[in-house]
There are 2 protein chains.
Amino acid sequence: MDRRQRKTRNAIFQAFSALLETKRYSAITVQDIIDAADVGRSTFYAHFDTKEELLRAMCDDIFEHVFSDEVMREPEHDFSSADSFRDRITHILCHLQEKQHHIKGIFAGECGEIFMKYLREYLREVFDRQLPEDRPEDGAIPRDYRLNHAVSAFAEGVRWWFGGHGEYTPEQISTFFFGTVDC
Amino acid sequence: MDRRQRKTRNAIFQAFSALLETKRYSAITVQDIIDAADVGRSTFYAHFDTKEELLRAMCDDIFEHVFSDEVMREPEHDFSSADSFRDRITHILCHLQEKQHHIKGIFAGECGEIFMKYLREYLREVFDRQLPEDRPEDGAIPRDYRLNHAVSAFAEGVRWWFGGHGEYTPEQISTFFFGTVDC
DNA sequence: ATGGTAATGGACATTATGTTCCGTATCTGA
DNA sequence: TCAGATACGGAACATAATGTCCATTACCAT
């Protein structure tokens, strides 16, 4: 990737992130962004078609970092043991915490809902590997329901964490989750 | 309320609801709405300040119906017994199902996230009465975390239900939830 | 019925959007 | 080092949406 591209892309991310802490997402115009980033109008549109795509790109940037563990890529890892799954979850929480400065701005506004949607998509993959198959004692509860249940509860737990409960450590949040979830 | 007001308000709701099934929420303009509802521009703004407020009003309309049970209003009812709580939840699910035609349009678009937010607010009140106080065996898990966990899991369960799993009855969804949640 | 009240419709200025152009600055490969 | 390629900046543009204004009309209560 061209250094010039990286520079402007970064400037736009930076500006957008800063703007999100001062005003609502839908109130932010492309004009605001290019003013803050100090780039030309055409430059912005050369990088992103819309404001929504910019947000999507920022989220992807964050998730790329949070979920791109070597441990995740390697298929030989065994995620069926509860311990390694718990480690993985704690790991994700740690990475999220590292990026908290970027995330908090996103969560603050109404676009937190959009961030959550993407987060759930990524989490679903992780949880899908872990969730046990249907057992007789689960009765008629569909596996897909249980998967959705666990993913949603965890994702909203993250939002709860960032929304005024930042005093807890990733390990504690992990403990809260595994102490409450039933999967 | 003036009959004229009711009429226009209804026409706008109707038009907006219909539009939501054909295009994305953010792609819908005020112009689209007043064209479809066949009302004047100033009429729209006399009723709602923004498109967002219209959505909020529509959601409130729905929730007014879903949550306005006499059983909820009367404080003498005892929600501490698990059975009555389960009845209450099933009741809510039934009411949601009645309104499914309106809700499905909202869920379809990106404004589903906004609907979910309001839904969680209403649910939080209901769950708050039910969730037991912190018990020793819960260890250090904050009550607020458990509350958020249960509310989120249930709300997302509703979305799951409306998003392609409409074949289940309210009673079944209720069973799924109480079979999975741990509160 | 009638006067007051409030909804209505259409016109308006304002603002944001997304595109296009061209000159300039920067990068890359030979 | 040089030349071709690529990204940037700035300005101007047509288009479209926004929110406000005011005169008109329909409704409501007395």
Using atom CZ of Phe48(B) as one end and atom P of dA7(C) as the other, report the distance to the nearest whole Å. 12 Å

Is a donor from one side chain sitting under 3.5 angstrom from an acceptor on the other, for Thr29(A) and Asp32(A)? yes

OP1 or OP2 of dT8(C) sitting under 4.0 Å from any side-chain N/O of His47(B)? yes

Would the base of dG19(D) count as contacting Arg41(B) through its side chain, where contact means a donor and an acceptor less than 3.5 Å apart? yes

In whole Å, what is the span from the CZ atom of Phe44(B) to the C1' atom of dG19(D)? 11 Å

Between dA11(D) atom P and Asp35(A) atom CG, what is the distance in whole Å? 12 Å

Test Glu21(A) against Lys104(A) for salt bridge (Lys or Arg N to Asp or Glu O under 4.0 Å), laying out the working first. CA-CA 8 Å; Glu21(A) 293 180 22; Lys104(A) 269 191 176 168; over 6 Å; no

Salt bridge present between Arg143(B) and Asp128(B) (N-O < 4.0 angstrom): yes

Among dT20(D), dG9(D), dT8(C), which nucleotide sits nearest the side chain of Val39(A)? dG9(D)

Distance, rounded to the nearest Å, where Lys51(A) contributes NZ and dT15(C) contributes P: 18 Å

Specify the residue among Asp49(B) and Lys7(B) whose closest nucleotide of DNA chain D lies further upstream toward the 5′ end. Asp49(B)

Donor-acceptor pair (no angle test) under 3.5 Å: Arg3(A) side chain, dT26(C) base: no

Please identify which of these residues, Leu93(B), Val158(B), Ile89(B), Leu96(B), meets the side-chain contact (heavy atoms from CB on, under 4.5 Å) condition with Ile173(B). Leu93(B)

Would you classify Asp38(A) as touching base, sugar-phosphate or nothing, given that sugar-phosphate means primed atoms plus P, OP1 and OP2, and contacts are heavy atoms under 4.0 Å? sugar-phosphate

Side chains of Thr175(A) and Arg86(A) only: does a donor on one sit below 3.5 Å from an acceptor on the other? yes

Rounded to whole Å, how long is the line connecting atom CD of Gln31(A) with atom P of dT14(C)? 17 Å

Among the nucleotides dT19(C), dG9(D), dC27(C), whichever has the atom closest to the side chain of Arg4(A) is dC27(C)

Separation of dT18(D) C1' from Ile28(B) CD1 (nearest whole Å): 16 Å

Go through the N and O atoms of the side chain of Ser42(A) and the base of dG10(D), and report whether any donor-acceptor pair is under 3.5 Å. yes

Indicate, with a heavy-atom threshold strictly under 4.0 Å, whether Thr29(B) touches base, sugar-phosphate, or nothing. sugar-phosphate

Of the listed nucleotides dT5(C), dT18(D), dG9(C), the one nearest the side chain of Val30(B): dT18(D)

Nearest-Å distance, OH (Tyr45(B)) to P (dA11(C))? 17 Å

How many whole angstroms separate atom CD1 of Ile34(A) from atom P of dC8(D)? 14 Å

With a 4.0 Å limit, can you tell me whether Gln5(B) has a side-chain N or O closer than that to the phosphate oxygens OP1/OP2 of dA7(C)? yes

